[in-house]
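Below is one structure, written out as structure tokens, with a few remarks after it.
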Amino acid sequence: MLTLAPEQILLGQRAANKGEAIAMLAGRLEAAGLVEAGYLAGMQAREAQHATYLGNGIAIPHGTTDTRHLVRQTGVQVAQFPEGVEWDDGQKAYLVIAIAAKSDEHLGILRQLTHVLGDEQAADRLRSTQDVNDIVRVLSGEAVAAEQAFLALPRFPAQSRDELVLAAAARAKSAGLIDAASVADVLEQAPFHLGAGVWLSRTHANQPGWVLASAEQTQDNASAVLLLCAKGQGHEAQLERLLDLMAAGRIAELAADNGLSLLQAKATAAAESAAPAAADGVSATFTIINPHGLHARPGAVLVKAAKNYEADIRVANLDGNGEEVSAKSLMKVIGMGVKCGHRLAFRASGADAEAALQGIGEAIAAGLGEGAAE
């Protein structure tokens, strides 16, 4: 678990470019006794190989494997750049986390960071906060979302989809999940049609949860409205279940009186029902040969290989938690915590699915930019 102290964090910094930002943080790592002189060169070399920008305004510069002997102790130093620093392809980094890792410990750090920083609200808060304790709480994993609420309004006598949306928002407000401003946000946005008359709305929340308003009778092509009250990223499992339900053609079941139970279930029964649909796709399993696993550079190469194809590509770490994620998301791929020897199971569907898995397999066999023999 990543632990931080306020003295490891610099707020309100400015840098003309990412080179200046990296040099600043390398100096901080050295001053803290985490690395020896010369580690900056490794950080610069890593950046030249592949930019360490993760997304959501976050960059994670770190050294190469050749400079690991300069690491005395695994740790991080953090700098906030409220005005942003140009990092990669026009992307700006607002929070830069410099990592020093002696061996594969950095995978645990990366996994924690990607799970925490996948939350856009948290990233925005870290960009603007003037309290180092906010950054300590979020990066140390203390700002984990509270337990989600699941609230249902079955057989609501709505005459239109808008009435269902209003009913769900009002129920969320009365339960303390959202405030009046969020209610207005829900009413202003257009909900997304999941299929079979079931619609999804989303808003920021004081407390996380889901509200399902089901119509007594289908009106205005709406049998139910599902409202996501999002805080943190604790809702990701439910979003995955929604995708599974859509793939299995079972989305209409959400409109039933017990529809929320499909989202609450610990076991993803919907995924099991969706399995036959995967017959139209292809799957393959590859073993990661990179000595230090999927850190930022090989992870980025893998994601780039996946993005070369139109196919929908999912991947799971069979030697990790087994959770399937998008192979086209660097945050998700790094978040799997893949080490050398771990087996990755890929599943692809689409016109170029077979070519996609062949290309990914070749990229993995070639070492994902690090060389098969490295």
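All figures in this text were calculated on a predicted structure; none of them were measured in a lab.
- Hydrophobic cluster membership for Tyr94: none, as no Ile, Leu, Val, Met, Phe, Trp or Tyr side chain comes under 4.5 Å of it.
- The number of heavy-atom neighbours closer than 6.0 Å to CD of Gln49, taken from other residues, nucleotides and ligands shown, is above 12.
- The side-chain hydrogen bond (donor to acceptor under 3.5 Å, both in side chains) test applied to Arg161 returns no partner, not counting sequence neighbours.
- Hydrophobic cluster membership for Leu153: none, as no Ile, Leu, Val, Met, Phe, Trp or Tyr side chain comes under 4.5 Å of it.
- Residues Phe81 and Leu95 form no side-chain contact, since every pair of their non-hydrogen atoms from C-beta on lies 4.5 Å or further apart.
- Inter-residue side-chain proximity for Lys18 and Glu86 is flagged as unmet; no heavy-atom pair is nearer than 4.5 Å.
- One N or O on the side chain of Asp352 and one on the backbone of Ala311 form a donor-acceptor pair closer than 3.5 Å.
- Between Leu25 and Val78, every side-chain heavy-atom pair lies at or beyond the 4.5 Å cut-off.
- To the nearest 0.5 Å, atom CD of residue Gln80 and atom CD of residue Gln130 are 8.0 Å apart.
- Note: Ile9 CD1 to Ile97 CD1 = 9.5 Å, rounded to the nearest 0.5 Å.
- Using a 4.5 Å heavy-atom cutoff, the side chains of Met43 and His62 are not in contact.
- Here the side chains of His193 and Asn221 are in contact, with some heavy-atom distance below 4.5 Å.
- The other members of the hydrophobic cluster of Val211, by chain and number, are Leu151, Phe156, Leu164, Val165, Leu166, Leu177, Ile178, Val183, Val186, Leu187, Trp199, Val225, Leu227 (side-chain heavy atoms under 4.5 Å, ILVMFWY only).
- For Glu7, the CD atom counts as densely surrounded, since its 6.0 Å shell holds more than 12 non-hydrogen atoms of other residues, nucleotides or ligands.
- Judged by distance alone, the side chain of Lys231 and the main-chain N or O of Asn206 form a donor-acceptor pair under 3.5 Å.
- With sequence neighbours excluded, no residue forms a side-chain hydrogen bond (donor to acceptor under 3.5 Å, both in side chains) with Arg127.
- Listed by chain and residue number, Arg343 satisfy the salt bridge (charged side-chain N to carboxylate O under 4.0 Å, His left out) test with Asp319 (two or more places apart in sequence, or in another chain).
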